[in-house]
There are 2 protein chains.
Amino acid sequence: MNNDIAMPHTAMIGSTLYKEVKRGILAALAGGEWKAGEAIPAERKLGERFGVSIGTLRKAIDELVAENILIRHQGRGTFVATHARDHHYFRFFRVVRQDGYKTYPTVALERFRKAKASREACEKLGLGTGARVFQFTNRLMLDDDIVMLDEITLPEALFAGLTEADLRDRPTTLYNLYQDVFGLNVIRTDERLRAGLAEGDSARLLGVPAGTPLIELRRIAFSYHDQPVEWRISRLNTEKYEYLVSEAGA
Amino acid sequence: MNNDIAMPHTAMIGSTLYKEVKRGILAALAGGEWKAGEAIPAERKLGERFGVSIGTLRKAIDELVAENILIRHQGRGTFVATHARDHHYFRFFRVVRQDGYKTYPTVALERFRKAKASREACEKLGLGTGARVFQFTNRLMLDDDIVMLDEITLPEALFAGLTEADLRDRPTTLYNLYQDVFGLNVIRTDERLRAGLAEGDSARLLGVPAGTPLIELRRIAFSYHDQPVEWRISRLNTEKYEYLVSEAGA
DNA sequence: AAGTGGTCTAGACCACTAC
DNA sequence: TAGTGGTCTAGACCACTTA
């Protein structure tokens with residue numbers, strides 16, 4: 001076989017061909033060349049563009065699919081993953097009823113304001129002290145039970161022009177709004193859980209007595225290149241519901 | 001190219017060749033042909049055994065590696081994953097200090113007995129009512145803090161001959177003991193978290209006042225073919241520590 | 001030096017989708 | 001029917017490990 005074609009590629013420093021291709025695709029995605037929900041070019045076309053064989057290109061795409069960044073549909077094409085379609089609406093929503101039944105939450109916007117970021121929010125979002133942010137609180141219902149309270153912080157720099165109406169009237173999920181309106185794709189989250197107690201505000205909004213045990217959840221949501229785009233503290237009432245972690249499945 | 005070889009394979013009902021190969025490897029693993037820590041035959045050999053090309057065989061192994069069932073080492077071979085080696089000692093241990101620092105827990109056996117399984121344990125372990133089980137309690141320390149209490153239930157049928165000494169003197173992790181002594185490989189867990197409060201026994205053993213908020217964690221651990229092998233209820237003190245869930249990473 | 005997994009190729013045919 | 005992704009092949013060479 002002719003190695004004049006294969007050899008120069010492997011000479012690329014500190015990497016492999018398919019990783020380079022993956023990086024190239026990721027760069028095109030981050031650069032907005034293909035938007036959420038759109039199809040990317042066919043495998044053969046992309047293979048030509050990057051100057052690699054179809055097998056190598058597929059390996060790059062394989063990894064992006066495994067990371068839920070792209071979605072393949074046989075016979076249709078390969079698409080940029082969307083939080084709205086693709087029926088993984090609630091990849092990051094892990095609350096289920098104690099009998100295992102899954103339902104979709106109803107969301108009510110409780111508060112909305114512009115403010116300066118707290119010290120903790122600055123740290124988690126990688127912002128300079130005093131950076132402007134949007135802060136709002138959502139109340140989540142499942143089966144007519146108030147289950148969770150989300151206190152969400154978004155950098156104003158990334159969500160320029162966000163209004164209370166955007167949040168109140170949105171027809172889809174929050175992360176779909178980030179995607180469609182602001183071009184920010186949440187592809188990974190980091191969540192840390194502690195035990196806590198309902199008090200004052202949170203007790204009132206959750207409709208439970210002060211002192212009720214709650215799960216206190218801190219989440220950072222990331223876009224491409226590990227860019228943090230959202231910081232939230234949630235409080236979960238587990239009287240009827242549970243937080244589910246299923247690990248290393250087929 | 002000669003298709004007399006390739007064609008008959010794809011005729012296999014309801015599946016693809018590499019899935020068949022994967023199933024074959026999984027069957028050999030479950031049947032004990034290759035034990036934890038051992039190398040499986042080289043790719044070329046396995047390709048011959050299953051009558052497939054090396055590419056197809058690699059795709060089957062790729063998936064088993066992604067599921068943490070096998071581990072590849074370039075130049076050495078492909079090995080059956082072990083909880084002891086492979087430096088993923090604590091795949092299922094998600095407790096970290098609030099500053100993010102990870103340390104390894106020290107375990108003390110608190111109680112050990114044989115008993116009849118509780119109704120809940122029977123259900124989770126898929127046992128008939130009244131099945132015999134081992135029940136024991138572990139106390140976990142991190143940095144000299146008592147952090148977690150594990151109440152663990154194991155079916156006697158799977159862990160025949162288990163003694164208190166086995167648990168007390170083991171040089172490695174619990175899941176490594178399951179592997180080495182009983183041939184049971186934990187490859188997946190299902191965890192459900194609720195908020196709770198320390199009371200009586202748990203407060204005493206954790207060294208906290210009654211009424212301290214805790215995370216209450218229910219876990220089922222599975223081996224091959226979704227066979228449940230362990231059921232546990234843990235109580236986690238999150239005063240200095242957190243339960244970490246990092247999702248969909250590269 | 002021999003043996004292992006890791007990368008890459010070039011192209012075949014299949015299954016599915018849309019027109 | 002044309003175009004897409006899905007599967008599979010046969011074999012090359014590379015990088016790494018062990019002896």
Side-chain angles (χ1 to χ4, degrees), chain A residues 1-25 34 38-66 69-81 85-86, chain B residues 1-25 34 38-66 69-81 85-86:
Chain A
M1 221 163 277
N2 184 353
N3 293 330
D4 293 340
I5 294 166
M7 275 302 295
H9 291 310
T10 53
M12 266 184 280
I13 29 156
S15 186
T16 60
L17 232 199
Y18 81 89
K19 288 280 182 193
E20 290 295 331
V21 173
K22 181 182 172 187
R23 212 164 301 157
I25 296 173
W34 310 306
E38 290 180 6
I40 70 173
E43 296 179 341
R44 281 170 183 78
K45 286 238 176 75
L46 280 177
E48 286 170 26
R49 164 162 165 181
F50 290 104
V52 299
S53 79
I54 205 145
T56 302
L57 186 106
R58 280 185 64 83
K59 183 148 188 186
I61 292 187
D62 280 346
E63 292 201 352
L64 292 166
V65 168
I69 291 172
L70 296 178
I71 295 195
R72 285 199 269 229
H73 291 289
Q74 188 173 13
R76 294 211 290 133
T78 302
F79 298 80
V80 184
R85 285 180 286 281
D86 311 329
Chain B
M1 222 163 277
N2 183 355
N3 293 331
D4 294 338
I5 294 167
M7 277 300 295
H9 292 311
T10 55
M12 268 184 276
I13 29 154
S15 187
T16 59
L17 231 197
Y18 81 88
K19 288 281 184 191
E20 290 294 331
V21 173
K22 181 182 173 188
R23 212 162 303 157
I25 297 174
W34 310 307
E38 290 179 7
I40 69 173
E43 294 179 344
R44 282 170 182 78
K45 286 236 175 77
L46 280 177
E48 287 170 26
R49 163 162 166 179
F50 290 105
V52 299
S53 80
I54 205 146
T56 302
L57 186 106
R58 279 185 65 82
K59 184 149 186 185
I61 292 187
D62 280 346
E63 292 202 351
L64 291 166
V65 168
I69 291 172
L70 296 178
I71 295 195
R72 284 200 269 230
H73 291 290
Q74 188 173 10
R76 296 211 289 130
T78 302
F79 297 79
V80 183
R85 285 179 286 283
D86 311 328

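Each chain gets a letter, A, B and so on, in the order its sequence line appears, and its residues count up from 1. Please read all numbers here as calculations on a predicted model, not as lab measurements.
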In whole Å, I'd like the distance from the [atom1] atom of [X] to the [atom2] atom of [N].
X: A/Leu17; N: D/dC14; atom1: CG; atom2: C1'; value: 13 Å
X: B/Phe79; N: C/dG3; atom1: CZ; atom2: C1'; value: 12 Å
X: A/Ile61; N: D/dG5; atom1: CD1; atom2: C1'; value: 9 Å
X: B/Leu46; N: C/dG5; atom1: CG; atom2: C1'; value: 12 Å
X: B/Asp62; N: C/dG5; atom1: CG; atom2: P; value: 12 Å
X: A/Lys19; N: C/dC8; atom1: NZ; atom2: C1'; value: 15 Å
X: B/Arg76; N: D/dC16; atom1: CZ; atom2: C1'; value: 11 Å
X: A/Glu48; N: D/dG3; atom1: CD; atom2: P; value: 13 Å

Could you tell me which non-hydrogen atom of [X] sits nearest to which non-hydrogen atom of [Y], and how far apart they are?
X: A/Tyr18; Y: A/Ala60; value: O-CB, 3.5 Å
X: B/Ala81; Y: B/Ile71; value: CB-CG1, 3.9 Å
X: B/Arg72; Y: B/Thr78; value: CG-OG1, 3.5 Å

Side chain of [X] (C-beta onward), nearest among [options]:
X: A/Arg44; options: C/dG6, C/dC13, D/dT9; answer: C/dC13
X: B/Tyr18; options: C/dC8, D/dC8, D/dC13; answer: D/dC8
X: B/Arg58; options: C/dG6, C/dT4, C/dC8; answer: C/dG6
X: B/Gln74; options: C/dG5, C/dT9, D/dG5; answer: C/dG5
X: A/Ile54; options: D/dC8, D/dG6, C/dG11; answer: C/dG11
X: A/Ala42; options: D/dG5, D/dT18, C/dT4; answer: D/dG5
X: B/Arg72; options: C/dG6, D/dT17, C/dA10; answer: C/dG6

If you assign B/Gly75 and A/Lys59 each to the DNA chain C nucleotide with the nearest heavy atom, which residue ends up on the more 5' nucleotide?
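By nearest-heavy-atom nucleotide position, the 5'-most residue is B/Gly75.
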Return whichever of B/Glu43 or A/Gly55 has its heavy-atom-nearest nucleotide of DNA chain C closer to the 5' end.
B/Glu43
Looking at B/Ser53, I'd like to know whether one of its side-chain N or O atoms comes within less than 4.0 Å of OP1 or OP2 on D/dA10.
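Indeed not, no polar side-chain atom of B/Ser53 lies that close.
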Between atom CD of B/Glu63 and atom CD1 of B/Ile25, what is the distance when rounded to the nearest 0.5 Å?
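These two atoms lie 10.5 Å from each other.
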Would a 4.5 Å heavy-atom cut-off, applied to side chains only, mark B/Glu38 and B/Phe79 as touching?
no
